[in-house]
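Data first, discussion second: the structure below is written as structure tokens.
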Amino acid sequence: MEKYLFFDIDGTLLSHTEGISPSTVEALRLCKEKGYKIFICTGRSYAGVPELIYSFNFDGIIAAAGGYIKVGDEVIFSHEIPDHLVDNIVYHLNKHNTPFILEGTEYIYTDKELLRDFELRTEELKKIKEKSKYEHSAYDYMFVAHKNIDEYYENRTPISAMAIHGDGPESYREFESFIDRDFYLIKYEKFADLVPKGVNKFTGIQLILDHFRANLKDTIAFGDSLNDYEMIKFCEIGVAVGNASDPLKEVADYITDDIHHDGIYNALKHFNII
């Protein structure tokens, strides 16, 4: 029986401290061996997905939380934020001294404050990699090199999502009213994802299913955070890893072990997928 499996990256396949565990590597290999279709389904923009992850032979990718979809070499959907809306948002954020990241299909652009944080985090992960037993270390899956925000205005490239670094979930109230007509925010403790209305990971999954003329009953989704909410709720089987947020666990059909205790492998075993 054909199965369509959708995997979030950060916090689901990838531990930000260790990397991708050997059991997860083996689980993905077995899925392919058995002929199942496997897909990345990430909040990262396409430019933020490292080449190394394609070594698992995914059949396609849903990036930017549903804003960009590629199957094989074919882009089947791409939602770009119009330049004037990018400009309006950037102006508002700069006016309120709020750091941000522009995430696109070709590049990622970051203001100077966050660039420095990115550089420091990279150095930390380099040290962890030296001690890690994982072949696929967290360092290998860092976001690709960011460009300075000034470079965006020198040579505009498509932007599909944004990350806003405020002072916690309550700090976005004014900004939410500013963007309410066109976007919504997925708020986390240290940042928020800005996503176009009508776009989420599950809308991306629906387009994948249409492309393959597949049925929703053959889907399984795996996730850990709020941008996984719709796909965990509406796929035939929604699996939350043990380290997932409470709202996600509430709508999941199954809660597996956490990312550091073979969560993906054990869930696939539980459902007799591998």
Are the side chains of [X] and [Y] in touch, meaning some heavy atoms are under 4.5 Å apart?
X      : Y      : answer
Tyr188 : Asp193 : yes
Tyr36  : Asp59  : no
Leu268 : Leu5   : yes
Tyr265 : Thr256 : no
Phe56  : His136 : yes
Met231 : Ile62  : no
Lys201 : Cys235 : no
Thr12  : Val241 : yes

Report whether [X] and [Y] are members of the same hydrophobic cluster (ILVMFWY, side-chain heavy atoms less than 4.5 Å apart, transitive linking).
X      : Y      : value
Tyr4   : Ile40  : no
Leu248 : Ile220 : no
Leu14  : Phe7   : yes
Leu30  : Tyr54  : yes
Ile164 : Tyr184 : no

Is the backbone of [Y] close enough, under 3.5 Å, to the side chain of [X] for a donor and an acceptor to pair up by distance?
X      : Y      : result
Tyr152 : Lys147 : no
Asp224 : Asn243 : no
Asp228 : Ser225 : yes
Asp8   : Phe222 : no
Lys3   : Gly35  : no
Asp258 : His261 : yes
Tyr254 : Ile237 : no

Looking at [atom1] of [X] and [atom2] of [Y], how far apart are the two atoms once the value is rounded to the nearest 0.5 Å?
X      : Y      : atom1 : atom2 : value
Ser55  : Ile20  : OG    : CD1   : 7.5 Å
Leu194 : Ile101 : CG    : CD1   : 12.5 Å
Ile159 : Ile108 : CD1   : CD1   : 9.0 Å
Leu102 : Ile149 : CG    : CD1   : 4.0 Å
Ile273 : Ile264 : CD1   : CD1   : 12.5 Å
Lys37  : Asp218 : NZ    : CG    : 12.5 Å

Quick check: are there more than 12 heavy atoms from other residues, nucleotides or ligands sitting under 6.0 Å from [atom1] of [X]?
X      : atom1 : answer
Asp167 : CG    : no
Glu189 : CD    : no
Phe183 : CZ    : yes

So, Tyr109 and Thr157: side-chain donor and acceptor under 3.5 Å apart, yes or no?
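On atom types as modelled, these side chains qualify, holding a pair under 3.5 Å.
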Any side chain to side chain donor-acceptor pair (under 3.5 Å) involving residues 92-102? Give me the pairs, sequence neighbours left out, ordered by first then second residue.
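Checked against side chain to side chain donor-acceptor pair (under 3.5 Å) - neighbours excluded - the pairs reaching residues 92-102 are His96-Glu174.
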Output a table of donor-acceptor pairs, distance under 3.5 Å, between side-chain atoms of residues 69-83 and any protein atom two or more places apart or on a different chain; print 'none' if there are none.
{"residue": "Lys70", "atom": "NZ", "partner": "Tyr46", "partner atom": "OH", "Å": "3.0"}

Partner of Phe100 by side chain to side chain contact (heavy atoms under 4.5 Å, CB included), out of Ile89, Thr110, Val90
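When Ile89, Thr110, Val90 are each tested with Phe100, the side chain to side chain contact (heavy atoms under 4.5 Å, CB included) holds only for Val90.
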List the steps and the verdict of salt bridge (charged side-chain N to carboxylate O under 4.0 Å, His left out) for Glu176 and Arg173.
CA-CA 5 Å; Glu176 282 186 289; Arg173 288 183 180 177; over 6 Å; no
What pair of heavy atoms forms the shortest contact from [X] to [Y], and how long is it?
X      : Y      : value
Ile38  : Cys31  : CG2-CB, 3.8 Å
Cys41  : Phe6   : CB-CB, 4.2 Å
Pro50  : Gly48  : CD-O, 3.4 Å
Lys197 : Arg181 : CD-O, 3.9 Å
Glu236 : Lys217 : CG-O, 3.3 Å
Pro196 : Ser160 : CD-O, 4.1 Å

Go through it in stages, so that I can follow the logic: the residues are Asp262 and Lys269, the test is side-chain contact (heavy atoms from CB on, under 4.5 Å), and I'd like the CA-CA distance, side-chain angles, deciding distance and then a yes or no.
CA-CA 11 Å; Asp262 307 323; Lys269 273 288 188 183; over 6 Å; no
Are Phe58 and Phe39, when compared by the centres of their aromatic rings, separated by less than 6.0 Å?
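No - the distance between ring centres of Phe58 and Phe39 does not fall below the 6.0 Å cut-off.
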Step-by-step side-chain contact (heavy atoms from CB on, under 4.5 Å) determination, Ile53 to Ile61
CA-CA 11 Å; Ile53 205 163; Ile61 176 171; over 6 Å; no
Run the side-chain contact (heavy atoms from CB on, under 4.5 Å) check on Ile186 and Tyr229 step by step: do they pass?
CA-CA 10 Å; Ile186 303 174; Tyr229 188 90; over 6 Å; no
Start with the C-alpha distance between Phe234 and Val251, add both sets of side-chain angles, then the distance that settles side-chain contact (heavy atoms from CB on, under 4.5 Å), and finish with yes or no.
CA-CA 9 Å; Phe234 296 117; Val251 297; over 6 Å; no
